[in-house]
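Letters A, B, ... mirror the listed sequences (proteins, then strands); counts begin at 1. For clarity, every value in this text was computed on a predicted model and none was experimentally measured.
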2 protein chains.
Amino acid sequence: MKRHQVTIVDIARELQLSKSTVSRALTGHPSVNATTRQLVLELAEKLDYQRNMLAIGLITRKTNTIGIIVPEFTSSYFPTVTIAAQEEAGKAGYNTVICQSNERYETEVANTKVMLANQVDGLLVSITKETRNFDHLKIFQRKGIPIVFFNRVCDEMDAPKVVVDDYDGAYRVVSHLIERGRKRIAHLSGPPSLMISQKRLNGYKAALRKNNIEYDESLVIPYDLNIDMVHIYVNHLLNLPAPPDAIFAISDPTAIETIQVIKKRGLKIPEDIAVTGFSNDFASSLIEPSLTTVSQPVKEIGKTAAQLLIDQINRDVSEWKNIIRVLKTELIVRNSS
Amino acid sequence: MKRHQVTIVDIARELQLSKSTVSRALTGHPSVNATTRQLVLELAEKLDYQRNMLAIGLITRKTNTIGIIVPEFTSSYFPTVTIAAQEEAGKAGYNTVICQSNERYETEVANTKVMLANQVDGLLVSITKETRNFDHLKIFQRKGIPIVFFNRVCDEMDAPKVVVDDYDGAYRVVSHLIERGRKRIAHLSGPPSLMISQKRLNGYKAALRKNNIEYDESLVIPYDLNIDMVHIYVNHLLNLPAPPDAIFAISDPTAIETIQVIKKRGLKIPEDIAVTGFSNDFASSLIEPSLTTVSQPVKEIGKTAAQLLIDQINRDVSEWKNIIRVLKTELIVRNSS
DNA sequence: CTGTTAGCGCTTTCAT
DNA sequence: ATGAAAGCGCTAACAG
């Protein structure tokens, strides 16, 4: 079946008006006769007329669309941030195009091409664990399209960034473990390429130092966030001559997997070993034992990122500033520690 | 900062070529000199040239974009379906625009306008619990834009639909409860406007009938899927003079909430009362006790829906057929029953 | 208040 | 193998 599009011309012809008048009526321009406008609007409604945003975008060089690129949709974190950002953008009259990179650098690059080709007015990004080269993102700034990072930010680019205080969150959850008498605290860390990995690791180290616990490198395992590998690392830790009495996992999915491995070995949580996570995913309150974790203001992150982006779009600035918004975390103590 | 767009004209001028030649080189048209093509491609790469899809869409009347509208992103179901559909569409060269209606009819209507304005080539929809009028969706077919429904389908429209066998899934999980000796099985049902509610309810009724258990209307509570209300219904059921010995919840989130309410009352699951869900959400294996549920081939649903849609787009048919793809469910018995 | 003209960036005839 | 011209649907000057 052929696609039929109702255009301004159709309405103009029917009503014996000029295209411009119809256009003006449709866009709510004040300088148009009330009855004329009424007539146009009614006919448009009747014909299911929809403005062709392609044409408008072409001419105004604005699509009122923002793009969001996220690495994954498996935990509740990114869906929630995305939805919050979308809602906030919607309030400002922006549509949202979402792409997920599936934690692959190549896919992320492809995603940016799509965004560019579709002329997004701005981009929200959380990079993959593989991303080390940022040329594909720098293109946007070179073209004058604002970028805002969140969660997984790019340190070498000047752009607004929305993060939580990872250092502080890690510091507090590890301090909490120490307060509960834990002495050998292991850390399942993330890829060193990600800032969040580094910051959480630093928070961990700082808490140990502050409490005069010596840092034991053999208790820190950086991994690539591939959940299927967690059981290997956890078992490795438990098989150590001096196994840890607590594991601080970099994320809730990691912690949840850790709990399951530990339970499978017949050990008791938290009696034999405590486990903590990071993010307060939906599932963390459901698992048995419920997970002690650091909650992030997830919706707030999405909202803030969207606001910053729209701000940039409207501001029409000539320079990219390194605005960093650090949101607060909260320690949620449950039964796993 | 002004937006700078590199255009074909820029390349043409630089290379002393005509626009047409550059365009042909860029689109891989065969009738263009190999060296010329090479030259064009290199310069395009160097200048970060990206084809303006707005212009192309305007002229070809095709955007290579499909739209997806889903009611929510809170459980793992819709994110997973969406991602699977997006991947499948990507393979066929289609981009994806995702909107969520937040279970609101008004928002869904607004979403369809956006899709129309952005000239999507096809639409994937799962309707809200409120949607009773389908005019906003019928417009698409009238304009020649294919629609495919999944999960929450519209019965009164002729269009491809991807569903699971809700009746059968419900029948089997209820039969399972009966096998385990349950006699008074309550059902937390969904809004009657949704086909899935009706089908699951019918499966429930059929299983009772088959096992000569009388249908007791007071044990069936249709609710609007607002999770915050679940505790009221569960408590109501538990306070009945003859309380149920099992609750079949229409969805996993409902079941999980149900479990928590029951646990809070100090009752034992499944000894005092069994609970089952529907969908096999990620969280259902984590909760204590783990949830007996009906698993759906979620990725398969997204993939199939995308395939059907792209099929329709390419087929250029003049009529909308009521193709219904019914995917199989699987009973997952865990510890809650 | 309304009409006319030009043109956004690109593909697509139709020429050469 | 390349070029020239027309036009997708719309808005934005510039006129009246």
Side-chain angles (χ1 to χ4, degrees), chain A residues 2-41 43-44 47-65 116-121 143-145, chain B residues 2-41 43-44 47-65 116-121 143-145:
Chain A
K2 268 274 274 312
R3 291 262 284 274
H4 276 298
Q5 170 143 22
V6 180
T7 71
I8 283 190
V9 177
D10 297 323
I11 298 178
R13 185 177 20 204
E14 184 88 7
L15 259 35
Q16 305 268 48
L17 286 167
S18 73
K19 285 191 284 179
S20 355
T21 306
V22 175
S23 171
R24 283 193 272 258
L26 253 17
T27 50
H29 201 95
S31 69
V32 71
N33 189 303
T35 38
T36 313
R37 162 182 292 116
Q38 187 64 15
L39 239 46
V40 171
L41 257 32
L43 187 58
L47 298 179
D48 292 328
Y49 169 79
Q50 281 298 328
R51 300 163 72 194
N52 186 333
M53 294 313 286
L54 299 185
I56 297 179
L58 192 57
I59 205 162
T60 59
R61 294 167 149 279
K62 200 152 182 309
T63 53
N64 285 301
T65 301
L116 241 26
N118 286 295
Q119 315 288 117
V120 295
D121 293 335
K143 287 188 188 279
I145 303 168
Chain B
K2 269 274 275 314
R3 291 264 284 276
H4 277 296
Q5 170 144 20
V6 181
T7 71
I8 282 190
V9 177
D10 297 322
I11 298 178
R13 186 177 16 198
E14 185 88 7
L15 260 34
Q16 304 268 45
L17 288 165
S18 73
K19 285 192 284 179
S20 350
T21 307
V22 175
S23 170
R24 282 192 273 258
L26 252 17
T27 50
H29 202 94
S31 73
V32 68
N33 189 303
T35 39
T36 311
R37 163 181 291 115
Q38 186 65 12
L39 239 45
V40 171
L41 258 33
L43 187 58
L47 298 179
D48 292 328
Y49 170 78
Q50 282 296 330
R51 299 163 72 195
N52 186 332
M53 295 313 287
L54 300 185
I56 297 179
L58 191 56
I59 206 162
T60 60
R61 294 165 150 280
K62 201 157 182 304
T63 52
N64 286 300
T65 301
L116 241 26
N118 286 294
Q119 314 287 120
V120 295
D121 294 334
K143 287 188 188 279
I145 303 169

Rounded to whole Å, please give me the gap between [atom1] in [X] and [atom2] in [N].
X      : N       : atom1 : atom2 : answer
I11(B) : dG9(C)  : CD1   : C1'   : 12 Å
L15(A) : dT2(C)  : CG    : C1'   : 14 Å
L26(A) : dA12(D) : CG    : P     : 13 Å
L54(A) : dC10(C) : CG    : P     : 14 Å
R37(A) : dT2(C)  : CZ    : C1'   : 13 Å
Q16(B) : dA4(D)  : CD    : C1'   : 17 Å
I8(A)  : dC8(D)  : CD1   : C1'   : 13 Å
Q50(A) : dC10(D) : CD    : P     : 11 Å

Phosphate-side-chain proximity, [X] and [N], N/O vs OP1/OP2 below 4.0 Å:
X      : N       : value
Y49(B) : dG9(C)  : no
R51(B) : dT11(C) : yes
T36(A) : dT2(C)  : yes

Item to check | Helix axis bend for the helix from dC1(C)-dG16(D) to dT16(C)-dA1(D) - C1'-based end axes, five pairs, 10° rounding | outcome: 40°
Does [X] use its side chain to pair, donor to acceptor, with the backbone of [Y] at less than 3.5 Å?
X       : Y       : value
R37(B)  : R24(B)  : no
K143(B) : L116(B) : no
S23(A)  : K19(A)  : no

Any protein N or O atoms within reach of nucleotides 4-8 of chain C? Criterion: under 3.5 Å, listing atom names and distances.
from, atom 1, to, atom 2, distance (Å)
dT4(C), O4, S20(A), OG, 2.9

Checklist entry - Would you call T7(B) and N52(B) a side-chain contact if the rule is heavy atoms closer than 4.5 Å? => result no
Checklist entry - Contact class for L17(B) (heavy atom, under 4.0 Å): base, sugar-phosphate, or nothing? => result sugar-phosphate
Next on the checklist: Using the rule side-chain contact (heavy atoms from CB on, under 4.5 Å), only one of T21(A), L41(A), V22(A) pairs with T36(A); which is it?
Outcome noted: T21(A)
Heavy atoms only: give me the nearest [X]-[Y] pair and the separation to one decimal.
X      : Y      : value
Y49(A) : V6(A)  : CD1-O, 3.2 Å
L54(B) : L58(A) : CD1-N, 3.8 Å
T63(A) : G57(A) : CG2-CA, 4.5 Å
L26(B) : V40(B) : CD1-CG1, 3.6 Å

